[in-house]
Amino acid sequence: MSDYVLNSDPSDMNKTDVPSFSQKTPEAPAEKAKSYIFTQIDRDLVIATQEGLPVVARPYQAIAEQLGISEDEVMFRLEKMKECGVIRRIAGVPNHYRIGFKANGMTVWNVADDRIKELGRQVGQLPFVSHCYQRPRHQPYWNYNLFAMVHGSERAQVEERTQIVKELLGDACSEHEILYSSKILKKTGLRLAN
């Protein structure tokens with residue numbers, strides 16, 4: 001499974017392994033998911049992993065032992081469910097606060113459409129940006145089309161780093177904001193009852 005991402009520290013990311021810039025494009029995962037035949041083993045697998053993978057050297061082996069199937073079957077079934085849109089993605093979700101990044105700011109930018117791909121990729125490669133993606137504007141209320149999560153130990157550091165992004169974007173950017181995190185919300189996916 002090639003796109004499993006586990007990054008515990010945004011400043012230490014191996015950017016070659018992380019999709020650092022993405023464009024939101026219309027997809028039809030629901031149509032693909034409809035064609036997937038969801039077996040009892042798949043259901044057991046979702047239930048066994050819905051609180052997260054075990055933090056052990058071989059998490060798929062641990063799940064396999066729990067379900068009485070092989071590690072290869074666990075990985076194969078997860079990959080199939082991902083390919084068919086039953087599972088959107090499998091990724092590490094770091095708690096930035098616990099690792100010292102307490103002033104995380106989602107920076108939003110109004111970038112010229114003809115430059116957004118090129119500049120978005122460059123912003124996504126910055127060591128203090130954990131993820132960067134393009135979103136549609138919703139004018140007249142929302143003029144921003146580029147989002148980049150900037151991490152820092154304090155707001156002053158985030159603002160310094162935001163200035164670096166601003167300089168990189170140059171004249172292609174007309175306005176920006178920083179939206180600071182105010183709460184930690186638990187990110188959860190699909191939940192099935194036992």
Side-chain angles (χ1 to χ4, degrees), residues 1-30 52-53 55 82-83 85 87-190:
M1 299 190 192
S2 60
D3 66 347
Y4 284 10
V5 178
L6 179 60
N7 294 305
S8 59
D9 181 347
S11 68
D12 192 33
M13 288 183 177
N14 180 352
K15 293 289 187 169
T16 60
D17 294 340
V18 179
S20 56
F21 176 72
S22 64
Q23 292 178 277
K24 199 70 173 174
T25 55
E27 296 176 0
L53 293 173
V55 182
K82 196 162 68 70
E83 284 174 9
I87 295 173
R88 189 168 23 166
R89 67 186 184 117
I90 299 172
V93 181
N95 182 329
H96 297 106
Y97 288 86
R98 285 190 179 176
I99 57 177
F101 292 94
K102 299 185 179 194
N104 308 300
M106 176 60 78
T107 62
V108 292
W109 308 84
N110 186 358
V111 176
D113 292 327
D114 63 338
R115 307 261 333 263
I116 195 163
K117 284 183 186 176
E118 160 209 352
L119 292 169
R121 286 189 182 100
Q122 291 177 31
V123 171
Q125 295 301 314
L126 293 171
F128 50 80
V129 172
S130 63
H131 49 286
C132 178
Y133 45 88
Q134 182 181 1
R135 288 284 192 262
R137 294 180 184 96
H138 295 281
Q139 294 174 322
Y141 305 107
W142 188 257
N143 294 328
Y144 306 107
N145 60 345
L146 182 70
F147 292 55
M149 191 68 185
V150 174
H151 298 277
S153 57
E154 56 191 46
R155 286 189 178 204
Q157 188 177 43
V158 170
E159 287 165 15
E160 286 172 21
R161 292 173 169 177
T162 298
Q163 186 62 33
I164 293 170
V165 176
K166 184 178 178 184
E167 289 169 14
L168 188 156
L169 295 173
D171 294 340
C173 178
S174 58
E175 57 186 319
H176 76 281
E177 295 286 338
I178 304 173
L179 309 172
Y180 285 103
S181 302
S182 59
K183 288 184 179 178
I184 300 174
L185 302 176
K186 183 168 176 53
K187 298 173 185 175
T188 61
L190 175 68

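Only heavy atoms go into these numbers, but all of them, side chains included; no hydrogens, no water, no symmetry mates.
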Enquirer: With sequence neighbours left out, write down each residue that passes side-chain contact (heavy atoms from CB on, under 4.5 Å) with Lys102, or none if nothing qualifies.
Expert: Tyr97
Enquirer: Answer whether the closest heavy-atom distance between the side chains of Leu179 and Val108 falls below 4.5 Å.
Expert: yes
Enquirer: Output all residues satisfying salt bridge (charged side-chain N to carboxylate O under 4.0 Å, His left out) with Glu159, sequence neighbours left out; order by chain, then residue number.
Expert: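 Per chain and number, Glu159 pairs via salt bridge (charged side-chain N to carboxylate O under 4.0 Å, His left out) with no residue.
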Enquirer: Given Leu169 and Glu167, is the side chain to side chain contact (heavy atoms under 4.5 Å, CB included) satisfied, shown in steps?
Expert: CA-CA 5 Å; Leu169 295 173; Glu167 289 169 14; over 6 Å; no
Enquirer: A side-chain contact here means heavy atoms from C-beta on lying under 4.5 Å apart; do Gln163 and Lys166 qualify?
Expert: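 Yes. Closest side-chain heavy atoms under 4.5 Å.
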Enquirer: Which pair of non-hydrogen atoms, one from Lys82 and one from Ile90, has the smallest distance, and what is that distance?
Expert: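 Taking every non-hydrogen atom into account, CD-N, 4.4 Å.
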Enquirer: Which residues satisfy the side-chain hydrogen bond (donor to acceptor under 3.5 Å, both in side chains) test with Gln157, sequence neighbours excluded?
Expert: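 By the side-chain hydrogen bond (donor to acceptor under 3.5 Å, both in side chains) rule, Gln157 matches Ser153.
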Enquirer: With sequence neighbours excluded, give me every salt bridge (Lys or Arg N to Asp or Glu O under 4.0 Å) pair touching residues 141-152.
Expert: none
Enquirer: So, Asn110 versus Glu175: side-chain donor-acceptor pair below 3.5 Å or not?
Expert: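 On atom types as modelled, these side chains qualify, holding a pair under 3.5 Å.
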Enquirer: So, do Trp109 and Glu177 sit near enough that their side-chain heavy atoms are less than 4.5 Å apart?
Expert: no
Enquirer: Check whether any side-chain heavy atom of Val165 sits under 4.5 Å from a side-chain heavy atom of Leu126, and report yes or no.
Expert: yes
Enquirer: Does Thr107 reach the main-chain N or O of Ala148 with its side chain, forming a donor-acceptor pair under 3.5 Å?
Expert: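 Pair found, side chain donor or acceptor close to backbone of Ala148.
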Enquirer: Apply side chain to side chain contact (heavy atoms under 4.5 Å, CB included) to Arg115 and Gln122, showing your working.
Expert: CA-CA 11 Å; Arg115 307 261 333 263; Gln122 291 177 31; 6.0 Å; no
Enquirer: Closest approach of Leu146 and Gly120, non-hydrogen atoms and distance?
Expert: CD1-CA, 4.1 Å
Enquirer: Gln139: which residues meet the side-chain contact (heavy atoms from CB on, under 4.5 Å) condition with it, sequence neighbours left out?
Expert: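 Residues passing side-chain contact (heavy atoms from CB on, under 4.5 Å) with Gln139: Arg137, Asn143.
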Enquirer: Looking only at heavy atoms, which two atoms of Leu119 and Ala172 are closest? And how far apart?
Expert: CD1-CB, 3.4 Å
Enquirer: Sub-3.5 Å donor-acceptor pair from the side chain of Trp142 to the main-chain atoms of Tyr144, do we have one?
Expert: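 Yes.
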Enquirer: Has Asp171 got more than 12 heavy atoms of other residues, nucleotides or ligands less than 6.0 Å from its CG?
Expert: no
Enquirer: Would you say His151 and Ser130 are linked by a side-chain donor-acceptor pair, where the criterion is simply a distance under 3.5 Å?
Expert: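 There is such a pair (donor and acceptor under 3.5 Å, judged by atom type) between the side chains of Ser130 and His151.
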Enquirer: Applying side chain to side chain contact (heavy atoms under 4.5 Å, CB included) to Met149 and Val129, what does each step give before you reach the verdict?
Expert: CA-CA 5 Å; Met149 191 68 185; Val129 172; 5.5 Å; no
Enquirer: Whether Arg155 engages the ring of Tyr180 as a cation-pi pair (distance to the six-membered ring centre under 6.0 angstrom, angle to the ring normal within 45°) should be assessed.
Expert: yes
Enquirer: Starting from the C-alpha separation in whole Å, work towards a yes-or-no answer on side chain to side chain contact (heavy atoms under 4.5 Å, CB included) for Ile116 and Asn145.
Expert: CA-CA 8 Å; Ile116 195 163; Asn145 60 345; 3.4 Å; yes
Enquirer: Between Val123 and Cys132, what is the shortest heavy-atom contact and its length?
Expert: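 Closest heavy-atom pair between Val123 and Cys132: CG1-SG, 3.9 Å.
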